[in-house]
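Remarks on the structure that follows.
Note that these values count all heavy atoms, side chains included, but never hydrogens, waters or copies made by symmetry.
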Amino acid sequence: METLVWAKENENTVFSGQIVSDVAKPFLIEGYGTRNVLVKDMEIVSKILPAGSPGVTIAGTVPAGQATLRNVKVTSTGSPVPAPTPTVPGPTPTPTPTTPAPSGKPDLVVTDIFWDPASPLPGVR
């Protein structure tokens, strides 16, 4: 799985909270109909994404200025990659890929959800 949360064609929406995931794109915003989307106070906890990066991908299909990130960051739980040690020239060893062991726990835990406005009406913005 590449994406955990997919927000497509959202209008007048605010996202906040915490996502714990090791997918490449934990949060993806896309769609030509996307309007007035704000992602604020969001923390993405990941072993694979670099600390300090936003962790939210805004696709090229989103009209300019219609998706805003405010106080969004990745907190890395992965181990830092050690710097390579100089060696005597020779054949380059082939790296062995590693995959995190599944913990048996869900990759996403929703702790709260609400709608604003609480009783939306069709056609009303």
Side-chain angles (χ1 to χ4, degrees):
M1 174 170 42
E2 180 183 70
T3 301
L4 183 64
V5 177
W6 181 34
K8 184 175 182 181
E9 307 286 336
N10 283 232
E11 291 186 30
N12 304 318
T13 309
V14 178
F15 295 97
S16 65
Q18 182 185 61
I19 294 175
V20 179
S21 177
D22 291 326
V23 297
K25 296 178 183 177
F27 194 117
L28 172 63
I29 301 170
E30 75 170 342
Y32 293 104
T34 300
R35 302 280 182 272
N36 191 28
V37 172
L38 172 62
V39 181
K40 69 174 189 168
D41 303 325
M42 171 83 62
E43 177 187 30
I44 312 282
V45 180
S46 173
K47 292 178 188 169
I48 64 168
L49 297 175
S53 65
V56 176
T57 302
I58 300 174
T61 57
V62 174
Q66 295 301 315
T68 305
L69 306 181
R70 187 178 305 142
N71 191 28
V72 178
K73 66 179 178 182
V74 168
T75 302
S76 179
T77 61
S79 301
V81 178
T85 306
T87 59
V88 177
T92 305
T94 304
T96 304
T98 59
T99 303
S103 67
K105 296 180 181 177
D107 197 38
L108 170 69
V109 178
V110 178
T111 58
D112 192 17
I113 189 166
F114 68 93
W115 295 99
D116 187 19
S119 300
L121 298 173
V124 176
R125 294 182 189 209

*asked:* One pair to check against side chain to side chain contact (heavy atoms under 4.5 Å, CB included): V23 and E2. What are the steps and the verdict?
replied: CA-CA 5 Å; V23 297; E2 180 183 70; 5.9 Å; no

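- Here the closest non-hydrogen pair linking L4 and S21 is CD2-CB, 3.6 Å.
- Every pair passing ring pair (Phe, Tyr, Trp, His ring centres under 6.0 Å) that includes a residue from residues 25-47 is listed here, sequence neighbours excluded: F15-F27.
- Listed by first then second residue, pairs satisfying ring pair (Phe, Tyr, Trp, His ring centres under 6.0 Å) with a partner in residues 36-55 number zero, not counting sequence neighbours.
- Taking the side chain as every heavy atom from C-beta outward, K73 and S53 never approach each other to under 4.5 Å.
- In terms of heavy atoms, E9 sits closest to G31 at OE2-CA, 3.2 Å.
- A heavy-atom distance below 4.5 Å is not found between the side chains of I29 and N10.
- Through chains of ILVMFWY side-chain contacts below 4.5 Å, W6 is grouped with L28.
- Taken from CZ in R70 to CG in L38, the straight-line distance is 5.0 Å, to the nearest 0.5 Å.
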*side chain to side chain contact (heavy atoms under 4.5 Å, CB included) between I19 and M42: does it pass, once the steps are laid out?*
CA-CA 8 Å; I19 294 175; M42 171 83 62; 4.0 Å; yes

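- Nearest heavy atom pair, residue V74 against residue P54, reads CG2-C, 3.8 Å.
- In this structure, L49 CG and T75 OG1 are separated by 11.0 Å, a value rounded to the nearest 0.5 Å.
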*asked:* Assess the residue pair I58 and V39 against the criterion (side chain to side chain contact (heavy atoms under 4.5 Å, CB included)); give the C-alpha distance rounded to whole Å, side-chain angles, the decisive distance to 0.1 Å, and a yes or no.
replied: CA-CA 11 Å; I58 300 174; V39 181; over 6 Å; no

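- The minimum heavy-atom distance linking S76 with K47 is given by the pair OG-O, 4.4 Å.
- Between the side chain of S46 and the backbone N or O of I44, no donor-acceptor pair lies under 3.5 Å.
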*Run the numbers on T34 and Q66 for side chain to side chain donor-acceptor pair (under 3.5 Å), then give the verdict.*
CA-CA 7 Å; T34 300; Q66 295 301 315; over 6 Å; no

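- Side-chain atoms of E30 do not come within 3.5 Å of backbone N or O of T61 as any donor-acceptor pair.
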